[in-house]
Amino acid sequence: MDVETLRELARRLALEAGALVREQSPERVVVAATKSSEVDPVTAMDRASEELLRARIAAERPDDAILGEEGDDVPGTSGLTWVLDPIDGTVNYLYGVASFAVSVAVVAGPPDPARWTALAGCVHSVVDGRTWTAASGGGAERDGRPVRAGSPASLATSLVGTGFGYSPARRAGQARVLTQVLPRVRDIRRLGAAAIDLCLVGEGALDLYYERGLNPWDLAAGALVATEAGAVVTGLRGAPAGTAMTVAGPAPVQGDLVRLLEDAGADTVEETFTD
Ligand code: IPD
Ligand code: CA
């Protein structure tokens with residue numbers, strides 16, 4: 001199957017799950033359970049959206065593997081893995097903040113962002129319908145039109161997105177890194193959905209984005225959109241983007257942010273935190 005066909009399938013799946021989230025959500029969304037910490041929620045709709053995606057993939061691509069945020073890994077035989085975030089930005093969804101997305105990507109190789117090759121992906125912003133897609137070597141689009149990353153003049157004049165993890169110790173470390181970054185950039189945005197942040201880099205609505213602690217499903221589709229839009233997406237100290245660190249943006253300013261984060265120890269910093 002060629003990457004454009006996979007792109008179209010990713011788009012169709014993300015749109016269908018997005019319609020479910022939009023149309024079937026209760027008036028007041030409630031927490032169904034918590035995951036890594038008491039501030040890391042899962043809702044009934046996170047589960048329903050992922051079940052829908054899994055059912056469609058099982059029917060249409062039965063030989064592919066599945067890696068999804070809310071369920072067990074499904075092994076496959078084709079060498080392709082679907083990487084699913086049924087709602088990226090669950091806290092926004094819970095509070096009715098209109099920035100959350102369904103993220104669907106398909107990758108070749110091991111289900112690890114440091115080693116996989118992303119083939120195609122789609123990030124569908126559920127409330128306003130913005131839909132970014134990308135195919136490896138085939139460019140990135142929003143709503144069918146090509147997008148390009150921006151060309152910020154300097155790090156000092158760059159608008160930088162970031163996000164925070166769910167554990168107090170991780171957050172204390174991220175707050176310390178932020179004290180090094182904030183004085184050196186135009187401003188910071190914490191919009192609450194990593195997949196959308198990466199797509200915004202891909203269309204120049206954010207100049208740069210960085211975050212420590214992303215899961216594979218947070219970044220799989222969005223990183224491909226950013227890359228195909230001309231941005232560079234890496235980790236620190238020559239490492240690929242992944243859980244330790246993801247930094248996205250156009251060169252050479254992306255490199256300037258990488259160096260600033262390296263100097264701040266942003267890929268290792270962890271605080272002990274006690275109330
Ligand atoms: C989270 C969002 C958030 C980011 C967190 C992610 P979730 O994903 O992308 O912006 O800062 O690191 O875990 O939990 O809403 O799927
Ligand atoms: Ca999620």
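When a ligand or atom number is given, it counts from 1 through the structure's own listing order. Note that this is a predicted model, so its numbers are computed, not measured. Sequential numbering from 1 along the given sequence is applied to the chain's residues.
- Those atoms of ligand 1 that come under 4.0 Å of a heavy atom in Gly89, given as number and element, are 7 (P), 15 (O), 16 (O).
- With ligand atoms numbered from 1 in the order given, ligand 1 contributes 9 (O), 10 (O) to contacts under 4.0 Å with heavy atoms of Ala193.
- The nearest protein atom to atom 5 (C) of ligand 1, hydrogens excluded, is given as Glu211 OE2, 3.3 Å; this is a heavy-atom distance.
- The closest donor-acceptor contact from the side chain of Arg170 to the backbone of Tyr166 lies at 3.5 Å or more, if one exists at all.
- Listed for the Asp46 side chain is no donor-acceptor partner under 3.5 Å among the backbone atoms of Val42.
- Contact annotation for Ile87 and ligand 1: only backbone heavy atoms (N, CA, C, O) come within less than 4.0 Å of the ligand.
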Legend entry - Residue pair Leu155, Leu208: steps toward the side-chain contact (heavy atoms from CB on, under 4.5 Å) verdict: CA-CA 9 Å; Leu155 182 58; Leu208 295 158; 3.6 Å; yes
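- The main-chain N or O of Asp267 is found under 3.5 Å from a side-chain atom of Arg212 such that the two form a donor-acceptor pair.
- Atom 13 (O) of ligand 1 has as its closest protein heavy atom Tyr166 CE1, 3.5 Å.
- The protein heavy-atom contact nearest to atom 2 (C) of ligand 1 is Asp88 OD1, 3.5 Å.
- Only the side chain of Asp218 comes within 4.0 Å of ligand 1, judged by heavy-atom distances.
- When you scan the N, O or S atoms of Asp85 for the one nearest the Ca ion (ligand 2), you land on OD1.
- Taking distance alone, with nitrogen or oxygen atoms compared against 3.5 Å, Gly165 stays at or beyond that limit from ligand 1.
- Close contacts of ligand 1 with Glu69, meaning ligand atoms under 4.0 Å from a residue heavy atom, involve 14 (O), 16 (O).
- Counting heavy atoms under 4.0 Å from ligand 1, residue Ala194 touches it through both backbone and side chain.
- Looking at Ser37, its side chain does come within 3.5 Å of a backbone N or O of Val39 through a donor-acceptor pair.
- Close approach of ligand 1 to Gly163 is summarised as follows: ligand atoms under 4.0 Å from at least one heavy atom of the residue are 11 (O).
- Residue contact annotation: Gly192 has a non-hydrogen atom under 4.0 Å from ligand 1.
- With 3.0 Å as the limit, Ile87 counts as an N, O or S neighbour of the Ca ion (ligand 2).
- At least one donor-acceptor pair under 3.5 Å links the side chain of Arg22 to the backbone N or O of Val126.
- Looking only at distances, no side-chain donor or acceptor of Glu211 sits under 3.5 Å from a matching main-chain atom of Thr246.
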Legend entry - salt bridge (Lys or Arg N to Asp or Glu O under 4.0 Å) between Glu228 and Arg7, worked out: CA-CA 13 Å; Glu228 285 294 325; Arg7 182 208 300 244; over 6 Å; no
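- Listed by atom number, the atoms of ligand 1 under 4.0 Å from Phe164 heavy atoms are 5 (C), 11 (O), 12 (O).
- Residue Asp85 approaches ligand 1 through these ligand atoms, each under 4.0 Å from one of its heavy atoms: 16 (O).
- Checking only distances, Asp197 never comes within under 3.5 Å of ligand 1, N or O to N or O.
- Judged purely by distance below 3.5 Å, without hydrogens or angles, the side chains of Ser103 and Asp88 never pair a donor atom with an acceptor atom.
- Grouping the Ile, Leu, Val, Met, Phe, Trp and Tyr side chains by contacts below 4.5 angstrom, directly or via other members, places Val127 with Met45.
- Considering backbone and side-chain N/O of Thr90, one or more are found under 3.5 Å from N/O of ligand 1.
- A donor-acceptor contact shorter than 3.5 Å is absent between the side chain of Thr157 and the backbone of Arg186.
- Of all the N, O or S atoms in Glu69, the one closest to the Ca ion (ligand 2) is OE1.
- Here the side chain of Glu50 pairs a donor or acceptor atom with the backbone of Glu69 at under 3.5 angstrom.
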